[in-house]
Amino acid sequence: MRNKHSRTDFVIDLTSLLDVIFIVLLIVMCGQKLLSDDTKEAAAKAEEMMEAADESLRESDALQEYYRRHSEAFENTEKYVRFVDVVAYFDSSTRISDRTVIITAGIDDGTELVKIPVTAAKEQEGYAELQKYLTGIIEEATDGASVPVILSLNRGDESILYRDETAISNIFEYLESQYDNVFTR
């Protein structure tokens, strides 16, 4: 007879159940990794867009401040002397071969900033366009009563490249030698 309290040995094989659990765990972990990668890509794109927006805002603020200072400095002097400000700069977040030259002549309400792009491929064309534009301003000031024209450049500024500073200074020197009422600062 058997004893009521005797133990019988039962063996349960859990190997196949463990395999299924590990497979499910692997699938869940891979899904989390894919979601994590998508989230990182979206965050990187959002960060890039924010940086571009911030750069545009900084450029806009700088141009607004530049124009405000220009207007304050030369108020009511337009009939006696013509100031022409030339600012050459490059954006440090883009390629250094893409630069911009901004010309401001006068302070009238209708005066707008003239932007001339200067790229590595079309550098000479950009300088030629600058010289042509400056010549037009000088000849306009020379008609009738000869009004002195003062050309200024952002020399020594960290936002201007040396090659741009040299090329624009050469244009200024050429115009100064061609016209009696042109002076550089």
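FYI, side chains are in, hydrogens and waters are out, and symmetry mates aren't considered; it's all heavy atoms of this structure.
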Are more than 12 heavy atoms from other residues, nucleotides or ligands located less than 6.0 Å from atom CG of Asp61?
->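 Result for CG/Asp61: enclosed.
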For residues [X] and [Y], report the shortest heavy-atom separation together with the two atoms involved.
X: Val118; Y: Gly126; answer: CG2-CA, 4.4 Å
X: Glu165; Y: Leu153; answer: O-CD2, 3.9 Å
X: Val81; Y: Val147; answer: CA-CG1, 3.5 Å
X: Ala88; Y: Ile160; answer: O-CB, 3.4 Å

For a 4.5 angstrom cut-off between non-hydrogen side-chain atoms, does [X] reach [Y]?
X: Ile116; Y: Glu125; answer: no
X: Leu134; Y: Ile103; answer: yes
X: Val84; Y: Val149; answer: yes
X: Thr184; Y: Glu173; answer: no
X: Val86; Y: Leu151; answer: no

Out of curiosity, [X] [atom1] to [Y] [atom2], how far, rounded to the nearest 0.5 Å?
X: Arg58; Y: Glu51; atom1: CZ; atom2: CD; answer: 8.5 Å
X: Glu140; Y: Arg82; atom1: CD; atom2: CZ; answer: 5.0 Å
X: Glu59; Y: Tyr66; atom1: CD; atom2: OH; answer: 13.5 Å
X: Ser177; Y: Phe172; atom1: OG; atom2: CZ; answer: 13.5 Å
X: Met49; Y: Asp54; atom1: CE; atom2: CG; answer: 12.0 Å

Cut-off 3.5 Å, side chains only: do Asp85 and Ser152 have a donor facing an acceptor?
-> yes
Would you please say whether a donor-acceptor pair under 3.5 Å links the side chains of Thr135 and Tyr179?
-> no
Whether Thr166 side chain and Arg163 backbone form a donor-acceptor pair below 3.5 Å = no
side-chain hydrogen bond (donor to acceptor under 3.5 Å, both in side chains) between Tyr127 and Asp164, worked out | CA-CA 9 Å; Tyr127 295 142; Asp164 290 335; 2.4 Å; yes
Salt-bridged, Glu65 to Arg68, with N to O below 4.0 Å?
->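 Judged by the 4.0 Å cut-off on N to carboxylate O distance, Glu65 and Arg68 do form a salt bridge.
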